[in-house]
Every structure is written in C-alpha cells, then in structure tokens.
Amino acid sequence: MSSYPLSSPSIPTLEAPVTVRVDCWGISHIEAASSRDVFRAQGWVHAADRLFQMDLWLRKGLGRLAEVFGEGFVKRDRAARLFVYRQSDEAERNAYGKNAMEALECFAEGVNAYIIATSEDDTLLPPEFHHAGYRPLRWIPEDISRIRSHGLFDNVIQEVDRAVTLRDFGEPVENLRRVRQPLLPLSLPEGLDLSSIRPEILEDYLLATSPVVIDGVPALTSARSEGSNNWVISGSRTATGRPILANDPHRSLPLPALRYIVHLKCPEFDAIGAGEPVLPGISIGHNGRVAFGLTIFPTDQEDLYVYDLDPNDSGRYRWQDGWAGFEVVQETINVRDGEPVTTKIMFSKHGPVLFVDEETNRAFALRAAWLEPGAAPYLGSLRYLTATSVEEFLSAVDSWALPSVNHVVADDSGNIAWAPRGLIPRRPNWDGTLPVPGDGRYEWDGFLDSSELPTTINPQDGWLASANQFNLPADWSLAPVTTEWLASFRHQRIAQELEHASQWGLQENAKLQNDVISLPAKSVLAVLREHQPMDLTHSAKAALGCMLDWDCSMGDDSEAAARFELWFREHLRPLLLQWALKDQPDPAVAAAHIEQIRREDLTGDARIDLLLLGKLEAEPQVLCTILTKSLEASAEHWPCGEQTRWGDIHTARFSHPMRGEAEWSLPPVRKSGSPDTVNVSARDKNNVQTVGASFRVICDVGEWDNSIAVNTPGQSGDPRSGHYSDLTPLWASGQYFQLAYSREAVARLADTHYIIEPLVQNRTPA
C-alpha cells in the first residue's frame, strides 16, 4: 500500500498548485512556484512518508512522550525539557539565514495539513498510531529550532569519564581508556574536587540525548558522534574533467531511515539530496551549480560546571565573591492513564542543572554550544541552498554552528574546497578536557571566528577528504578545538586510493565508499608474521594460517575476517591491556574499569591496541606468549563451524520499535566491514551492526543526472508502503540508484504523479 493519498491532497496556505513526482525509488521531486510553497509541500511529503518518526522526534525533543506511552517516560520527559532552547530573541530568528524562519513556518504548515488530512481519511494515518492508540501532535514552527538534543556531541561524557579515571587510577590508565590528540599532559583545573565527580551526574543528559526505546527496541537515533566520510576530487583526476563529490555519513541505523532524500525545485533554487525528515531543506547533495557534503569535525562544545551550594540555602551557588540563585521552572508532564506529574527543573548562569548531590552539597550544570542562539542542528544548511559557486557556499557556511562539520564542496566551474566550521568556544585559561568549578573562574570568551578556522581551496593534489580524523594544519597555533578525534584509519585508506586516482569515474568512487580493507588488520598481521607463535594447538594453527593468507578485506564472505575480528577484539585486546596495566596496584580492576567505561564503543579503538603491540615488540618473548595465548583462546572459543563467514555472524538489523507488530521489522542483513574500514560497520557485543553509512551519494558535478545515491532501509516509514525496505538490498550490496535531477530524467523514472492544491473549500480542521 502506498502512503500517498489517492485523491485531492491540499495545503490550505499554498499560493499555487505544487507538482510532486515520486520516482521508482520513492524519491519525491517537488516543483513549486515559490520557495514558500516548496517548503510547504516538503512538510506535507515528509509527513506522508515519515509521520510516526517525525511525531516521535517532536515528542522526544519537547518532553511529551509520557502522555502517549505512560508513566515509564516521565523521567525522560523531565530530562528532555532541560535541553529545550528557551530564549526567543533576534539573534535566534536571524541566525539561519534571511528566510529561514519563513521556511520553518511553511514546513510546519505542510506537516499540519497532512495531519488534518489523516483525521478526515483514517487510512492515511500510519499504522503505529492505530496500534498505540494516539494521534500526532500539531507542529509549531518555533519547536523545530527549539529542539536541540538531536545534534552530535559527547564531550561532557568524556569529561566525567576522564575525571573518574584520573581520580581512581591516574593518567597512565586514562591514556589507555581514550586516545587524545594532541596528547598533552592533563592539567587539573584549580578548585576542582575530583571526588565529587561520578557517573550519576549524567543520568538526565543521557536520557535526553539517547534513542527513545519502545518495547525494548531503540527508535530514532542517538546524539553520540558517530563518524562519516567525504571527499571531493578535482577534474584533473577524473575521466571527464569534472569534479566528483562523495559523501557517506555514518550514524546508527534506525527503522525508518535517519535520512530522507527529496528534490526541491522552485524559482529560488533547485536542490536534491538528503536531510533529516523533521527539517526543511537538505544538507547533503547539490543544487545544480554546487555539490556539498559534510562529516563531523570533532570540537569540544560542552563543559560541566561544578557548584558549591550555600549551606543555608541550596537554591544558591557560589559565584565569584558571593552567591547566585538558580532559576527554577515548574513543569507539568501529562501521563497517559495517570495523573499529571508536576516537577521542577533548574538553570544556572551556564545552563541546565543536571544533578544536585545533597551529600556533598554540590550541583552540576552543562554549558553547551548547542544551547546558544542559532545552534539548532543542521538548520544552517538553509543558507547554502542558493549558492552558485564555491565562494558563495563558503560565505554561507561561515555562520554554521551545529553540529561542527567538515564541509566539502565543488562547483560547476571546476573549483573544490574544504572548510571545517562550527561554534567553538574560546577557553582562555583551560582546555576543556575536565569539569571546572562554576564560581566564575572558568568562563567562555566568545567563540572562534570562521576566519580563524582552516579553509583549503583548489589544492595542488587535486583532492580533499575528511573522515573525522585529526586534520588541523601542522602550523595550527590556537588552543585545541578538541582532543577527541576519531582514528585516522578510514582517512588513510581513502588517501591511499585518492593519491593515485587518475581518470576516475563514479564507479571508482562507489568502490571506495564500499571499501572494506582493514588497515589495523594489516598492521596486526605484520606483527604476527614477524613473531609467529610456535607450538600452537591444531585448531589455533589452522586459525593462524587462515588469517596469514588473508588480504585483510572484511568481506561478508570471508572466514578469515570473522576469525580475525573475534580474535583481535575479544581475545588479543584483553591480554594487551593486562600487560599494559601490570604496574597498577590492581591490574584486573583497572582493566575492568577501562572496559566498562568504554561502554559507548563496544568494539573499542584499535589505535590503543596498535600502540601496545608496538611497545611489546621490545619484549619479543612476552609478545609471543600473548599472541599464543590469545590465538589458542580464540580457537577454543570459536563459536562457529569451520566454514563460517563474517556475514554469517555479523549482521545489520532494522527492528521496528513496536515489538507487538513483529512483521514491521526486517530480516537480518549480512554485513561486510568493521569499525576501521571506509565502509564502516561498528558492532555491539552480539555482532549486530550499530553504526554504518546511513546514506551514500556521489555527485557528478555539472552532469547532475549521472549522480547516484542510496538510502536505507527505504524512503518510507510506513510499513504498508512499497518503499519501506526496497533500498536495503542495494545498500547492503554496495549498489546505487540514479539520483535523477533534470525534468526529463525525473519523468522517465516517475511512478506516481500528483498535484497538491491550495485551500479546499468546506474543509474543517480536526
């Protein structure tokens, strides 16, 4: 069943009819007489495909889940309300571009028009609403920018984990828990009492920024930073002489898809690509003149402030030479099948109060760049929809705030560029790696200006790429923007290929996006070859031989990939850690702490393992012993048959959050890749993929109809739709579809054609 209405769709506020053509891949191509109407139609089309997902995002962000799912969501709703943007000022209204607020208003009008239509024709309402017995919320334009907890960040988590590790184990253990770049000595901020820091401080933060879990299955996606790849190649390295831009953002893999691909055509712009279904515009794609992509540029945009409370009045905290009072806000949370709950939330000068520790008479608050004016995630992309050149695009992103990203761009004149941008605090007297006292000694001094961030235009090498790696220039003289960079393995692999790129076309770029060569595996196997263990058991010797003959490709049909991944992460890693911690008073406790506190990354960071292997080469006998023990343990606990392949045990699963409707979930999908490959496949302890390419696009700049893309699992979130899961086979096998752009190409691929009309007389709102 299609989720599109079969007759008379309308939006009361439309100024003229809008044409929508839906192609065979489920991509809606919207053509309108004005940008206002194209955003109205975009809201309508998004709701037709993703209304349940959009409503869940709205309720999650505003703290209104308990009113439809019951008392189990009251704590989460309270936490969410801590992080709603609460100001209403000129800076916020003007931050996203000249007509951004108008775009939000029009988008909300379109969403609401579809919601009204569902009240008149119940078959248009997605089945999840029938199953759970509630109706969608009406959309208010300001709510779209007020919701901030879907950005990508986790600095405060690292501050707490780092403080706890330093307090209990010291800096050597902290250096094994988390890689820092640059690896500067940690400096304890004056006045910080590490004994006051404990994980419970972040309970509300984690509740507000984690996926919604219904019936035990996560819905939506987390706000943790999860990586991405992008690159752009100048015409000097392509077969056609035209630039090519490629982007594959890595996120968790919810059902329905995180991304929504749409084509928006109006006199002001003609853009196609992907954005998030709850937002107007697109953030990755092209507009017929300029192609643009982004990856996370890790920056430290959060700080945890620790307050000493007034012993005589816990509503006040130490501020400079006196006391300041918290702002207290009363909130009423409606509860399905229960009485409303009245609760209070508090705010300091720095931001929302996360936790009050009555035992130590301290409170903890978060200051976050994403709670500043103009920092609603991805809304800055509205500024560059009309860019006609690299120069105009770079000007448009100079005010980009959230999330901080590596922009890559190419235009139809042959120019390419890279520009990392984001709202980055200036910390004049500390580096942001640890919590700080909130008494006024540690204050932000504004934000870095875009002119202080690096920009590269038309490099001599003819290509630019980013993969969340440390990529600041060698002569960078400012304070660190962060120490939390991801490993450089993906970028190294991309660079290996692009450095030798010549006469490249779309297929070479597609092959690179789907590359599953593991560089850490190459390094580890080099050590194995040089220090081959002796006297192995028969099964361990067979496993070793299998890996030594392997090309380090993490393909789903590879037995060696399966053996390596389980040996490396589950058997070699613990022994390396135990060796590294041998001088600790209690090595087992320290090792257990590291493993527990790396909870957000169950597959770990291979940089640490390679570092330890390098150090161990100075002790060859110890190294040989560790390799022998780990190989024998891995062979002994090999859970599979002799011919088990990586894809037999490594899968992606698109599970619907409502378990009562099991048929809405999809069968497991065999997966290639690992956390360290260009085609990322981070996994949990059950070998289920948790992070991967949520969307892929490759743009042929100037011959736009040649561009290709893929989404997953499908464009529609309605289980009744033919586009609910039809893209999964393409995504899993590394294939793409044509991203049709011209009117002729769209017409050839169009499956459905309809007109959205202006006001229909005699319609009464629900």
Side-chain angles (χ1 to χ4, degrees), residues 151-155 157-158 178-183 221-232 245-253 258-259 283-284 292-302 369-370 377-378 397 400 402-409 418-424 453-454 456 463-473 476 480-498 512-513 515-516 518-520 598 600-601 603-608 610 673-682 689-697:
L152 295 174
F153 32 76
D154 68 357
N155 302 124
I157 296 175
Q158 296 308 322
R178 185 83 172 185
V179 173
R180 300 193 311 280
Q181 291 179 274
L183 185 58
T221 186
S222 76
R224 303 287 85 76
S225 182
E226 295 159 336
S228 298
N229 305 315
N230 66 18
W231 59 84
V232 61
L245 181 145
N247 198 178
D248 54 305
H250 305 153
R251 297 290 299 276
S252 56
L253 303 173
L258 169 67
R259 311 287 178 181
S283 56
I284 301 171
F292 37 84
L294 52 82
T295 67
I296 292 300
F297 175 62
T299 59
D300 187 345
Q301 297 180 308
E302 298 176 334
W370 48 277
Y378 297 105
V397 300
W400 182 277
L402 261 290
S404 51
V405 299
N406 293 283
H407 294 284
V408 294
V409 57
W418 162 71
R421 295 291 185 267
L423 200 60
I424 305 171
L453 294 171
T456 302
W463 63 271
L464 293 159
S466 70
N468 324 111
Q469 82 287 2
F470 182 83
N471 60 358
L472 293 175
W476 182 258
V481 299
T482 187
T483 61
E484 308 288 347
W485 306 87
L486 299 190
S488 62
F489 303 124
R490 286 181 286 117
H491 182 263
Q492 290 172 19
R493 178 62 184 152
I494 292 166
Q496 285 178 355
E497 296 299 300
L498 295 186
L512 183 53
Q513 280 190 337
D515 186 273
V516 291
S518 170
L519 295 189
R598 292 162 90 183
E600 290 296 317
D601 183 9
T603 48
D605 189 334
R607 288 176 291 184
I608 293 173
L610 297 183
S674 80
D676 308 309
T677 58
V678 177
N679 184 359
V680 162
S681 184
Q689 182 176 13
T690 55
V691 172
S694 60
F695 157 74
R696 298 186 182 108
V697 66

Margin query: Show, in sequence, the C-alpha distance, side-chain angles and deciding distance for S518 and S674, and conclude whether the side chain to side chain donor-acceptor pair (under 3.5 Å) test is met.
Written below: CA-CA 8 Å; S518 170; S674 80; 4.6 Å; no

Checklist line | Heavy-atom side-chain contact between Q469 and Q181 under 4.5 Å | finding: no

Note to self: For a quick test of reading the model, state the closest non-hydrogen atom pair linking T677 to N679 and the distance between them.
What the structure shows: OG1-O, 2.6 Å

Check: Who are the ring pair (Phe, Tyr, Trp, His ring centres under 6.0 Å) partners of H250, not counting sequence neighbours?
Finding: none

Note to self: When you compare the side chain of L402 with that of L423, does any pair of heavy atoms fall below 4.5 Å?
What the structure shows: yes

Notebook entry, point to check: Can you check whether R251 reaches F695 side chain to side chain, under 4.5 Å on heavy atoms?
Noted result: no

Next item on the list: Search all heavy atoms of Q513 against all heavy atoms of V697 and return the closest pair with its distance.
Entry: NE2-O, 3.4 Å

Notebook entry, point to check: What distance do L294 atom CG and R421 atom CZ have between them, rounded to the nearest 0.5 Å?
Noted result: 13.5 Å

Next item on the list: Please work out whether the ring planes of W370 and F153 are parallel, tilted or perpendicular, with thresholds of 30° and 60°.
Entry: parallel

Note to self: Do L519 and D676 make a side-chain contact, defined as non-hydrogen atoms from C-beta onward lying under 4.5 Å apart?
What the structure shows: no

Notebook entry, point to check: Any side-chain heavy-atom pair from S404 and P420 closer than 4.5 angstrom?
Noted result: no

Notebook entry, point to check: Roughly how far apart are F297 CZ and L453 CG, rounded to 0.5 Å?
Noted result: 6.0 Å

Check: Going by heavy atoms in the side chains, are V405 and V397 under 4.5 Å from each other?
Finding: no

Checklist line | Nearest-0.5 Å distance that lies between atom CH2 in W476 and atom CZ in F470 | finding: 9.5 Å

Margin query: As a test of understanding, state which of N471, N230, N468, N229 forms a side chain to side chain donor-acceptor pair (under 3.5 Å) with N406.
Written below: N471

